[in-house]
Amino acid sequence: MIDRQKREAHNILRGLNTVQKQAVECTDGPSLVLAGAGSGKTRVLTHKVAYLIDRKKIPSSRILSLTFTNKAAREMRERILQLVNPCYGELWCSTFHSFFARILRMEAEKLGYTQNFTIYDTDDQAALIKKIQNGMTMTIEQCPINAIRSRISHLKNHLKLPEHAKESAVDYFDEHVAMIYQEYQDNLKAANAMDFDDLLLKPIELFHLFPESLAYYQKRWHYVLVDEYQDTNHPQYLLLKSLSEKHRNLTVVGDDDQSIYRWRGASLRNILEFEKDFKDCKTFRLEQNYRSTKNILHVANSIVMHNSSRMEKQLWTKNDDGELVSLLWNSTGEEESSRIIYKIKDEFQRNKRNFSDFAILYRTNAQSRAIEDELRLNGIAYVIVGGIRFYERKEIKDILAYLRAVVNPLDEISVRRVINFPARGIGNVTLKKIEDFCSQHSISFFEGLTRVAEIDSIAEPTMQKIRNFSDMILKYNSVQHTISAAELAATLVEELGILVKYKEEGSEEALERRDNIGELLTQIRQFSNENEGNGNSLAHFLEEVSLITDIDNWDNDSNAVTLMTLHSAKGLEFPVVFIAGIEEGLLPLSRNSNNLEDLEEERRLFYVGITRAREKLYLSLAERRIRYGDSSFGGPSRFLHEIKHDLLELDRTQVSVSRSQRSYSYDDNLPVYEKKAPAAKKLKPGIIVRHPRFGKGVVRRVEGTGKETKADILFEDVGEKKIVIKYANLEIL
DNA sequence: ACGCACCCGATTTTT
DNA sequence: TCGGGTGCGT
């Protein structure tokens with residue numbers, strides 16, 4: 001036992017370079033790790049947590065690691081568990097939003113919410129704003145919902161209250177927004193709902209109003225570590241500052257050159273001024289890149305050095321020069337797609353690559369379509385990250401809205417969403433009558449439904465329909481704690497009869513919707529199994545779902561080419577990367593070419609894309625491309641001129657394949673799209689399993705594939721064992 | 001209350 | 001070009 005601990009402690013520092021080691025060993029006080037792309041940023045973070053637990057004997061429950069995505073949080077947890085014995089206690093790796101949502105669930109009453117509050121996503125926000133705008137009597141001119149939504153979000157992120165917004169309004173739009181903003185906040189409160197921004201703002205309010213509550217959390221967390229610090233916004237900055245005020249052990253890791261979420265409130269200031277904000281802070285610069293070839297890195301450096309607001313850094317690598325970066329110069333958008341696919345096949349055959357080695361990145365989702373068509377035509381498997389998310393599909397949102405209404409009937413947006421779905425003859429006129437009744441009596445929309453008998457103008461048959469609806473919601477509301485989420489959801493879907501309806505409809509679209517709902521029910525079932533006896537699992541499920549995103553589910557296990565936006569690619573790496581559409585108007589996007597700050601963010605976005613590539617980078621552009629139905633010509637991106645010419649290899653080879661010749665669907669030389677066995681896929685370090693003989697344990701390491709897969713598992717009772725999966729009959733918990 | 005036709009608008013989207 | 005949202009007609 002002691003031997004193993006020694007070995008592990010040694011492992012924690014082994015394989016780190018000098019700066020990385022210094023950063024890990026610097027445990028006391030604030031520290032800033034400026035980590036260039038591919039320089040082992042997450043490595044420093046995970047090793048530091050492991051070091052704290054193992055060397056400094058800090059209970060893991062005192063260490064808080066915050067990230068932006070669930071995927072990053074999950075990976076961080078797994079990597080820490082590979083380094084240290086997890087038995088010291090719970091390990092806290094979480095996203096900002098889910099961490100603070102968790103706090104808010106506990107403290108909701110103090111802020112006038114109940115603990116089963118609903119989290120509103122962008123769609124719900126839009127629906128609410130729309131409702132408010134439609135209800136405004138003196139409205140002269142309507143404004144685009146999304147413009148209002150993002151303005152309100154902007155105001156909130158700058159801690160501007162509706163009163164402030166009113167005072168500082170300079171034009172009609174500002175005034176209009178300020179009015180809606182006020183009502184928007186009131187409505188959220190009445191609906192017992194919070195939007196994403198509130199998940200950060202309400203904790204600030206909580207800490208402000210209840211200093212003893214803040215003191216509790218300050219005492220609770222001895223160490224706070226943050227990944228991707230360059231993307232934090234102002235509320236996040238304030239929260240980090242107050243949470244770490246007592247122990248002062250705040251470690252932030254980030255790269256100002258990779259800050260690409262300014263448009264969403266991220267403040268580059270946070271990382272640029274960290275040394276001023278935390279006076280005695282220690283700064284570490286990780287400038288050695290382990291990911292890319294020298295050529296790729298030179299291109300990346302030559303681009304990003306054109307930015308003015310950045311901290312001076314020079315990435316270098318011991319890796320080989322590698323191939324030159326290729327510039328695929330095309331005349332049209334279609335040619336671009338063909339050429340990329342041609343290159344993929346070429347790389348595939350010449351360099352023995354897997355399809356999962358390739359990523360095709362683009363600035364806008366709309367660009368994916370042409371590339372997808374070409375991939376399909378050539379029988380190459382691909383996965384798209386982003387676009388329409390599973391949980392944003394209409395049918396999924398409909399079911400979720402029912403579940404949300406059941407958990408929180410005050411959630412007016414959800415109730416309204418489903419009151420006439422499936423169609424049950426309750427139309428706009430009736431809704432308006434109920435609405436008026438509710439505002440006359442100052443009651444919630446749902447209470448209005450239950451008191452529909454008092455509304456004279458509604459005809460009896462309609463009343464009955466409304467009563468049926470509200471009774472149904474109440475029925476499920478009353479059993480939510482006695483039956484499992486899975487059972488509740490399945491019964492509800494059954495009662496609604498939508499699966500049958502979609503089946504009868506029979507169209508491809510309807511069948512897909514039916515399947516999606518089936519998939520949702522499966523997910524709820526899984527969730528129920530995993531969280532048995534955890535109180536109200538339906539509410540938990542809804543919270544988890546509202547904080548999940550597409551990239552969280554992306555797993556590069558399937559042998560397929562990955563397509564995604566430059567934004568989604570941050571944090572990932574691929575042997576071969578294509579960046580499509582390096583044109584004026586697209587990169588930089590025309591809207592963001594006018595002011596310097598926007599332009600610099602576009603440049604960083606390009607930089608992020610370039611630095612995803614390990615071995616080979618292709619840049620691609622088209623002289624003409626169809627956009628919004630028109631043919632447009634932006635010309636090569638200005639960023640191309642920032643690359644030294646001897647780093648680029650111009651490739652203008654014509655791809656001489658016509659549509660008809662390419663219409664075969666499978667090429668014998670291409671492997672069949674194949675997914676890895678689900679069992680092997682799910683078994684990852686950090687996962688809890690049950691063994692028929694040894695009981696419960698946590699997976700530490702996985703080696704081998706297929707039938708050969710073995711795993712080191714640390715069991716609660718019998719210690720660590722190496723298990724051959726094939727024979728073990730493990731149950732994944 | 002529902003269906004169809006037309007019109008407008010159109011980044012990126014960690015949560 | 002394409003999809004969603006509005007408004008009119010039944």
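So you know, we letter chains A, B, ... as the sequences are listed, proteins then strands, and number each from 1.
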Stacking between B/dT11 and A/Trp263, yes or no? Criterion: centroid separation under 5.5 angstrom, plane angle under 30 degrees. no
What is the nucleic acid contact for [X], judged by heavy atoms within less than 4.0 Å: base, sugar-phosphate only, or nothing?
| X | value |
| --- | --- |
| A/Lys394 | nothing |
| A/Ala72 | nothing |
| A/Leu547 | sugar-phosphate |
| A/Arg262 | nothing |

Counting just side-chain N and O atoms, does [X] come under 4.0 Å of either OP1 or OP2 of [N]?
| X | N | answer |
| --- | --- | --- |
| A/Asn420 | B/dC2 | yes |
| A/Thr565 | B/dT13 | yes |
| A/Ser590 | B/dT11 | no |
| A/Asn146 | B/dT11 | no |

Whole-Å gap separating [atom2] ([N]) and [atom1] ([X]):
| X | N | atom1 | atom2 | result |
| --- | --- | --- | --- | --- |
| A/Ile260 | B/dT11 | CD1 | C1' | 13 Å |
| A/Leu566 | B/dT12 | CG | P | 11 Å |
| A/Leu431 | B/dA1 | CG | C1' | 12 Å |
| A/Asn233 | B/dT13 | CG | P | 18 Å |
| A/Leu589 | B/dT11 | CG | C1' | 5 Å |
| A/Glu597 | B/dT12 | CD | C1' | 17 Å |
| A/Leu586 | B/dA10 | CG | C1' | 13 Å |
| A/Asn592 | B/dT11 | CG | C1' | 7 Å |

Are any side-chain N or O atoms of A/Thr430 and backbone N or O atoms of A/Ile426, one a donor and one an acceptor, separated by less than 3.5 Å? no
Assess A/Arg603 against A/Phe639: is NZ or CZ under 6.0 Å from the centre of the six-membered ring, and within 45 degrees of the ring's axis? no
Is the terminal nitrogen or CZ of A/Arg105 (NZ for Lys, CZ for Arg) located under 6.0 angstrom from the six-membered ring centre of A/Phe117 and within 45° of that ring's axis? yes
Counting the benzene-type ring for Trp, do A/Trp263 and A/His567 have ring centres under 6.0 Å apart? yes
Please verify the inter-ring angle class for A/His158 with A/His154; under 30° counts as parallel, over 60° as perpendicular, anything in between as tilted. tilted
Would you give the length of the straight line joining atom NZ of A/Lys433 to atom CD1 of A/Ile466, rounded to the nearest 0.5 angstrom? 9.0 Å
DNA chain C: 5'-most and 3'-most nucleotides touching chain A, 4.0 angstrom heavy-atom criterion: C/dT1 to C/dT6
Can you tell me which residue among A/Arg262, A/Arg591, A/Arg638, A/Arg363 is in a salt bridge (Lys or Arg N to Asp or Glu O under 4.0 Å) with A/Glu602? A/Arg363
Closest listed nucleotide, where the reference is the side chain of A/Val429 and the choices are B/dC2, B/dA1, B/dT13: B/dA1
Would you mind telling me which residue lines up with the more 5' stretch of DNA chain B, A/Arg591 or A/Thr69, judged by nearest nucleotide? A/Arg591
Nearest-nucleotide comparison on DNA chain B, the residue closer to the 5′ end among A/Ile426 and A/Asn70: A/Ile426
Which residues share a side chain to side chain donor-acceptor pair (under 3.5 Å) with A/Arg269, sequence neighbours left out: A/Asp277
